[in-house]
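Quick notes on the structure that follows.
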Amino acid sequence: MKYCIHALPEELKVAFREAGYFREGNETRLFAVKGADGVRKEGDRLTVSFSSVAAFLHTLFAYDSGMDVSGMQKKFSGFGVLLDLSRNAVRTLPTLKKFLSMLVLLGYDAVQLYMEDTFEVPGEPYFGYRRGRYTQAELRELALFCKSIGMECIPAVQTLAHMEGIGRWECYRPYMDTQDILLVGDERTYLLIERMFSSLRDCGFSGRINIGMDEAHFVGLGKYLERNGYQDRVGLMLQHLHRVCEIAAAYGFSAPMIWNDMLLRLANGGNYESAERLPEICTELPAGLMLIGWNYYSTDPDFLTGMLRIQHSFGREVCFAGGVNCWHGVTPQNKFAYVQTQAAMQACFATDTRYFLMTMWGDDGAECSPFASLPALSYAAGLAYGASDAGKGFFALTGMRPEEFGSLDLANEACAHGEVIVNPSRYMLYNDVLCGLMDCTVSEGDARKYRDYALQLGKYEKNPVWGYLFATQRRLCELLSVKYDLGVRLRRAYRADDRMALKQMTAEIACLKDRVSAFYEALRRQWYAENKGYGFEIQDYRLGGMLLRLEDIRRRILEYCGGAAVSIQELEEPVLNVFCDSSLDGKGLGIHDFYKVASANKF
């Protein structure tokens, strides 16, 4: 449908055009009035009533895509997404603008930019050095773009833990408590935080900021302990929190928020779901502080409801953070995210939790494209607005049905079982063919599934917009169709002293090398289409190293078969379960750290 937008106020004209979806013309005259979100059609006149710029775009998009706008009602005061821009993949501005334009149409009204050290801080040249950090100019441009489409842009930083990016540099080590935790009470820590906040304030962000402070499990137990002796760590955390909030306020960030796990864990012996010391903590929290309670894996709404009730006991505004589980490798986890998000939203509705955040972490490399998780993000938006026909919006946005786009999940489905995360797409990719730490998970027939997956994915590879995502997944499945059980078969032939079979498998290894190279090329294309160059060197080392490792294994097998070697030691040793639990043998697992699956030796 084409819209005549002459009657719209200027800010809505700008939003209409910046969204990059709607078309201008004389087919329908478009008007807008402030009020409850909705539409009214009279002849060639369409009037959109809206509560915010973001709501205008979402309501118009829902109508344009054929959704039942009359049945939609936003169930949250704030519905946002968090983008991890710190785990190697630093998205380019065109990628971010395209992605956020799609999300605002789906109904998201806020974005948190998670930047540990990937933003410029004047006076701190080593902060984000060689990490692809955003310049202040880039962040100003992005913040201005978000404002133009009505999306609140919130910096999400760290002011305590998760600072290993700067912890590697000698100039920061004097005020690091541990390798990744800043030294509480040291004035150099607070000077750094002042400079961080000053830099962000100059970028035009909103008055809200996420100051982090999650997973600081060893706060006060490193350099702080050496200097000051053991101190009550709840008090230490609260002291630091107050100081950081004071700095935030001084730089115009009057509405800070924190991840709330450490207040509970430190007070209750590591237990995130206990509330024994709540009363004394509640009275000590800074005014206006929002608490973010997070859980990315539970699919039990009763458990999540109990967790949120504890969060609300603090007497502060609470945001629940779920996730799309895109951080388990190059392959997304949309289907699991459907189940987890539904349970999380049930818990939010039961506890009147008014803010919801979909996190998109990157963890060990951030290989997964943000666009690969669009099905989960669309599904969450449908739940957030009570829309039973969200699939229509998804098709209008992407040109594909959710189930078609969701086939990007296939590489993780070979050994799926129950409502748990499994990610063989990653751990079997990096599983060593000889050492085989993950061979304990292999079941007969799993490898054959990958041939079928590759064929299914190939059907969408020519899509002019999304084909590159399907190409990456197809190449991965073709690789895994050979590699998945190769170590198991090698070990079986070796123990049977079947040297002819072993020699034949060296041809498979040669084929596997070609498939690793093909996957590398597809992943490289995907990476540079979406991200800055920094960070891809890790993929070069991992996949390039894999090629050399496979060649070494091929040569060692030939040397053994030819009599130049008397044994292959790695194949002599029995396979143990990597989780020290033999009841898990033959079952898929959720494990995503490269170093944990590639080798038991030190990297």
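When reading the values below, keep in mind they use all heavy atoms of this one structure, side chains included, and skip hydrogens, waters and symmetry mates. Counting from 1, the numbers follow the sequence of the chain as shown.
A salt bridge is absent between Glu404 and Lys459; no separation between the charged side-chain nitrogens and carboxylate oxygens falls under 4.0 Å. Under 4.0 Å is where a charged nitrogen must lie from a carboxylate oxygen, and between Lys97 and Glu141 at least one such pair does. Look at Glu152 and Lys147 and you find no salt bridge, because none of the NZ, NE, NH1 or NH2 atoms lies under 4.0 Å from a carboxylate O. A salt bridge links Lys74 with Asp109; the closest basic N to acidic carboxylate O contact falls under 4.0 Å. Between Glu124 and Arg195 there is a salt bridge, since a side-chain N of the basic residue sits under 4.0 Å from a carboxylate O of the acidic one. Electrostatic pairing of Arg140 and Glu138 does not count as a salt bridge here, judged by no charged N lying under 4.0 Å from a carboxylate O.
Between Phe349 and Phe76, the ring center distance clears the sub-6.0 Å criterion.
Of the residues Asn334, Val324, Thr398, the one that meets the side-chain contact (heavy atoms from CB on, under 4.5 Å) test with Leu374 is Thr398. Of the candidates Arg17, Arg29, Lys2, Glu24 forms a salt bridge (charged side-chain N to carboxylate O under 4.0 Å, His left out) with just one, namely Arg17.
Of all the heavy atoms in Glu215 and Asp261, the pair that sits closest is N-OD2, 2.9 Å. Of all the heavy atoms in Phe336 and Tyr296, the pair that sits closest is CE2-O, 3.7 Å. Of all the heavy atoms in Leu105 and Leu57, the pair that sits closest is CD2-O, 3.9 Å. Scanning both residues, Asn295 and Gln340, for their nearest heavy atoms gives O-NE2, 3.0 Å.
Within a 6.0 Å radius of CG in Asp44, more than 12 heavy atoms belonging to other residues, nucleotides or ligands are found. Counting non-hydrogen atoms of other residues, nucleotides and ligands closer than 6.0 Å to NE2 of His242 gives a total above 12.
Side-chain contact annotation: His240 with Tyr190, donor-acceptor N/O pair under 3.5 Å present. When only modelled atom types and interatomic distance are considered, Tyr468 and Glu530 share a side-chain donor-acceptor pair under 3.5 Å.
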